[in-house]
Every structure is written in structure tokens, then in C-alpha cells.
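What follows is one structure encoded as C-alpha cells, with my remarks underneath.
Remember, predicted model here, so these are calculated numbers, not experimental data. Just so you know, ligand 1 is whichever comes first in the structure, and atom 1 is the first atom listed for that ligand.
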Amino acid sequence: MGLDETLAKRGFLFRSSEIYGGVSGFYDYGHLGTLMKRKFENLWRDYFLGLGENFYEIETTDIMPENVFVASGHIENFVDSLTGCKKCKSDFRADHLVEDKTNETAEHLDNKQLTEKIKELGITCPNCGGELGEVDFLNLMFPLKIGSKDKGALRPETAQGCYVAFKRMFSATREKLPLGLAIIGKAFRNEISPRQGTYRVREFTQSELQIFFDSDKINECENFDEVKDYKLRLKFTDKKDIEEISCGELLDKLPKMYLYYLAKVQQFYLDVLCIPSEKFRLKELNEKEKAFYNKYHFDVEVFSEKFNGFKEMGGVHYRTDHDLSGHEKISGENLHVTIEGKKFIPHVLELSFGVDRNVYSLLEISYKDSVLNLNPKVSPFTLGIFPLVKKDGLGEKGFELYKNLKKDFDCFFDNSGSVGKRYARADEAGIPYGITLDYDTMNDETVTIRDRDSTEQVRVKIEDLNEIIGKLVSKELKFKEIGELVETRKKEDGYRTN
Ligand code: GAP
């Protein structure tokens, strides 16, 4: 079974409104997907809000007045290049069609160039082979009416919520910079051709941190020494390969503060999410590829086997004063701050991530032969509790143990079907450890712990379980260090063995 089918079957994610045929670009999360998404969000929250003493999370609305997006530039600039099939009327993103054909980025081509490229490469409608029309722009905003006449829109990025709340929050947090405002919330984009699971959808969750600072201090970064010798995995626009360069060596190219946050983002991926380093890179975007509001722009990318290339998970954006100046102009509110007698508009460094893309990528990286080898920090459940049989008091004992372990870990109780099938279900759900109770448990208060990745099992005392599982999750202990491996029944009963 393929990844998407397993994810739908197991309750991770599936097409929204699927009983009505679904609409492309909209996904629902089931119980396992929701748990995993929350875990990602909590890891993100703890890590990024922990980077500054004046960093806070806020919550702002999904619907905002149209003027917000006039100020931000989205009404004018937030467009993609659309081409339509003259025969079946399907819509496509012109740059994606060219990229799929050439395996090269086409984001920098204008509409005229894209129209010519499509002709030159003989690209026809992927659905019916029909002729494709002239390339034109489509604005990606979802406009709507507020009440009977006021114009509004669903926000295409959470960032704008922080910018419009800046004045209020600056004063509420005692007028200090840097000030970090984070939002984990929905964003909406009317993507022309949503595709590739939740990599490109029309409603998605972003986790974004906006750091407001004095631009004169962009080269003052208190904690820079922490990352001075730390090597970033960078792909520059003018280079073919990834280079590993320390932050200290990059000081002539990029400001200290920007480098510091590039390092912190990389550390989040490698140390917290445990992405193998060879699957990670920070990709510099050139003038044409950069978002319209950015001065420096590196994408955060993770390699996808399924799509055979690096995919964007997030970005580190130096947005300058683009947004606050725009909002000052359109709203008429003074968004300057005065600190130690100096009056200025703060600049913004933005750390921006798509939660759904990251979750999908973690699932994709860990999926092999119907097993999700998810890192315990993001797996929906940490433990599966499996009494061998329901009778002879084992079912009750198992449920008692489940209730106790649930106080400290995310646990899943399963007492139906053969143990082998339960292990297989747990493997598909990405549960890293299985606790099995058998008849010996009733006499000696021991259970087996099964390691999903090696399928090995170790017998331990129930009273030691909490400590052992805690250390396994925090990686203080390796599975083999817990105790002696026990013989497992192989093959019979549906056991998977490596
Ligand atoms: N505030 C800056 C901003 O929104 P972006 O590069 O347009 O920048 C940030 O989006 C992140 O949001 C992307 O790196 C990606 O992870 C996620 N994202 C963007 N469009 C998406 C879509 N259509 N579906 C899923 N995730 C998306």
C-alpha cells in the first residue's frame, strides 16, 4: 500500500469532504494526524519561542479587511501564472508544467516567456492532451464580503496578523525590541493546481515568528558566539552543490542576526525533528525567485524521495520595513517606535513554516514497507499497550497499566486480534514502542517492550517502565541498553521481523 493510502486508512489525513468527491487542495486530519500535527506545533512553539526572552505567541483572525492586503502588497503582487486547457478547461500553473518538463526552476520566467516555453517544449494539457492557452496571472487571495458590503479576505499568511497587532503588542510588552510575535494558525491560498499531498493545498496551517528589531542593530547579536563555528548546509544560487560553511565565515555575506536565525532553524530540523543532515539544506533564492517583500530569502528544504527532490518547508525572510511601512501608509496609524530618543520603523525578520508540509515530509521520510519509523517526539502515540489475551485478568491488568502510563506518555490500548496484527497496526501508526502483557506478567510483574524499528523485544519490570520509556524517548538510552533481548516468536501470528 502506498503512503497516501496508508495515511488515509490509518486516520492520519485524507481528502476533505471525500463522501462528496472531495475538492482538490483540502485535507482533513484524522485522530493520528491531529495528534502528530499538535506535536509538531508544540515542538515548534517550545523551540522558537524559547529563542528570545521577549518572544510571545498571539492569535489573530483568519478574516481581515481588504486594506490589510492592499498595504501588504498581496492584492497587487500575490499572483501565480495560470494557463488553461482550451479543450477540457482544466487550469494549470504554467511554471510547474515547464518545471516538470525541464527539471529546472521556472519561477523566474514572466508570462510571455512561459507562454513561449510551453509552445517550444510542446507541452499540452496533462489531462486530455489539448492545446494550452496564453499564460495569465491569477491572484491567490480568497476574497469575501464582511456583512453586506465591506470587502475582506482570508489571510494568505499568518504574518499579517502580527503586523496589524504590532502597535498594540509593542506597548503591551513594555516597548522593547527585539520583539517576537508568533502565530500558529490557518492561511488560505487559492492555489491553481494543488498537488503532492499536503505540500500544496488551499487551506493550511503556518507557524510563523515575526521578529521586530532596530535595523541599525542587525549586526549586533548577543548569542552569535553560540553559532559562530556552526556549519550551515547552504545551497547558493550560483552554486550547484550544497556547501557546509560556518556562520563565522559568512559574516562578509550576511548580517549576524540573519545568520544566527539560519543556524537556529537548521538546528531545529537536525536536532529536534531529527532530519538526517544530508536531507536538509538552506537554499538561497535569487532576485526573481524571492518573495516580493524580502531582501534576504533562504528557503528551508528537506529532500523527498517520493518527489525526487528537495521540497520547501519554510523560509527565513528579511522583510525589512516593507510591512509596517505599508500598514502605516494605508491605515494612517503611526507605527514608528521611539527607543532611547530614536524614532524609527522596526524591521522584521520572519521565520516562516508550513505545518502541513512539515508533517507530510516527516511522514514521508519515515514510511517504508507499511511501517512509519517516526521519531518518538512526533509520533502520535509513544506506547501501544497490548495484553496478549483479554481473559484471565490480563485485559484488566493491561487497562490498568494503560491508565497509569497515560499519565506520562501518549498511550494507545489495543486488545483485539492477534498480537502480531496489533504490532502491524501499531507500526503503521508509527508507534515506537509496544508493551505486551502475558501470563508471566501475572506472576512476576514484568512485560516485554517491543522496539518498532528493530522489532526486538526486552523483558522489564513494570515498576521500571516509566523511567525506561522516558529515557528511550529522550535518547538517553538505546533500546539494546535496556536489558537482554528475549526470543520473539517469528513469522507465526503475523509478526514482522527485520
Ligand atoms: N509569511 C511568509 C510566507 O507565507 P511563503 O513562502 O509563501 O511565505 C511559508 O509560505 C510556508 O508556508 C512555505 O514555506 C510552506 O511551507 C507553506 N506553504 C505555502 N504555501 C502552501 C500551500 N499552498 N500549501 C501548503 N503549505 C504552504
Side-chain angles (χ1 to χ4, degrees), residues 13 15-16 23-27 29 37 40-41 44 48 60 62 64 68-69 72-74 77-80 93 95-96 107 138-142 153-164 180-212 261 265 268-269 273 275 280-285 289-302 304 307 310-320 322-324 326 348-364:
L13 56 104
R15 288 184 83 176
S16 182
V23 185
S24 63
F26 294 94
Y27 276 84
Y29 286 83
K37 193 167 166 180
F40 175 87
E41 289 171 359
W44 187 93
F48 285 101
T60 67
D62 293 350
M64 302 174 92
V68 170
F69 307 111
S72 66
H74 282 89
N77 299 311
F78 198 49
V79 290
D80 272 339
R93 241 182 92 167
D95 53 335
H96 285 172
E107 243 176 300
L138 178 80
N139 190 291
L140 303 189
M141 303 278 292
F142 277 110
L154 287 165
R155 65 183 180 196
E157 56 170 1
T158 64
Q160 295 305 322
C162 295
Y163 306 144
V164 298
L181 296 180
I183 294 180
I184 300 179
K186 290 281 185 163
F188 306 84
R189 297 183 188 178
N190 198 4
E191 298 283 353
I192 295 168
S193 46
R195 56 186 199 161
Q196 301 179 330
T198 53
Y199 276 129
R200 190 170 298 281
V201 282
R202 288 174 164 141
E203 174 176 339
F204 54 100
T205 305
Q206 288 187 317
S207 49
E208 298 192 299
L209 171 64
Q210 315 298 323
I211 305 166
F212 299 86
Y261 284 105
V265 167
F268 177 67
Y269 276 81
L273 298 181
I275 301 290
F280 177 89
R281 71 179 189 185
L282 294 161
K283 184 185 154 205
E284 183 187 37
L285 269 63
E289 293 164 334
K290 275 195 298 204
F292 61 87
Y293 43 74
N294 282 333
K295 177 164 176 194
Y296 301 128
H297 186 159
F298 278 74
D299 272 348
V300 177
E301 296 192 334
V302 173
S304 157
F307 301 117
F310 276 94
K311 303 287 292 179
E312 176 197 333
M313 299 293 128
V316 181
H317 309 148
Y318 177 25
R319 295 177 74 129
T320 67
H322 168 86
D323 299 277
L324 288 189
V348 171
L349 183 71
E350 174 186 59
L351 312 184
S352 167
F353 305 85
V355 174
D356 311 84
R357 266 191 205 183
N358 277 281
V359 167
Y360 193 82
S361 154
L362 288 166
L363 287 164
E364 200 224 306

So, 4.0 Å and heavy atoms of [X]: is ligand 1 close enough to count as a contact?
X	result
Ser352	yes
Thr198	yes
Arg319	yes

Just need the protein heavy atom nearest to [atom], so name the residue and atom and give the distance.
atom	value
atom 27 (C) of ligand 1	Phe204 CE1, 3.4 Å
atom 17 (C) of ligand 1	Gly354 CA, 3.6 Å
atom 12 (O) of ligand 1	Gln206 NE2, 3.2 Å

[atom]: which of [options] has the nearest heavy atom?
atom	options	answer
atom 4 (O) of ligand 1	His317, Arg189, Glu312, Arg200	Arg189
atom 16 (O) of ligand 1	Arg155, His297, Glu203, Met313	Met313
atom 8 (O) of ligand 1	Tyr293, Tyr360, Phe353	Tyr293

Sequence neighbours excluded, every pair satisfying salt bridge (Lys or Arg N to Asp or Glu O under 4.0 Å) that has a member inside residues 290-299
Glu287-Lys290

Atoms of ligand 1, numbered as shown, that sit under 4.0 Å from any heavy atom of [X]:
X	answer
Val201	22 (C), 23 (N), 24 (N), 25 (C)
Glu157	1 (N), 2 (C), 3 (C), 4 (O)
Glu191	22 (C), 23 (N)
Glu350	1 (N), 2 (C)
Tyr199	22 (C), 24 (N), 25 (C), 26 (N)
Glu208	1 (N), 2 (C), 3 (C), 4 (O)

Quick check on the 6.0 Å ring-centre criterion: do Phe78 and Phe69 meet it?
no

Counting the benzene-type ring for Trp, do His297 and Phe292 have ring centres under 6.0 Å apart?
no

Could you label the plane-to-plane angle of the Phe142 and Phe188 rings as parallel, tilted or perpendicular, counting under 30° as parallel and over 60° as perpendicular?
perpendicular

Quick one about Lys37 and Thr205 (side-chain donor to acceptor, distance below 3.5 Å, no hydrogens or angles considered), yes or no?
yes

Determine whether the side chains of Tyr29 and Asp356 contain a donor N or O and an acceptor N or O closer than 3.5 Å.
yes

Establish, yes or no, whether the cationic atom of Lys311 lies under 6.0 Å from the six-membered ring centre of Tyr199 and within 45° of the ring axis.
yes

Could you give me the CA-CA distance, side-chain angles and deciding distance for Tyr261 and Phe48, then say whether side-chain contact (heavy atoms from CB on, under 4.5 Å) is met?
CA-CA 10 Å; Tyr261 284 105; Phe48 285 101; over 6 Å; no

In chain order, what residues pass the side-chain contact (heavy atoms from CB on, under 4.5 Å) check against Arg200, with sequence neighbours excluded?
Arg93, His96, Glu191, Arg357

Does Arg319 pair with Glu157 as a salt bridge, N-O distance under 4.0 Å?
yes

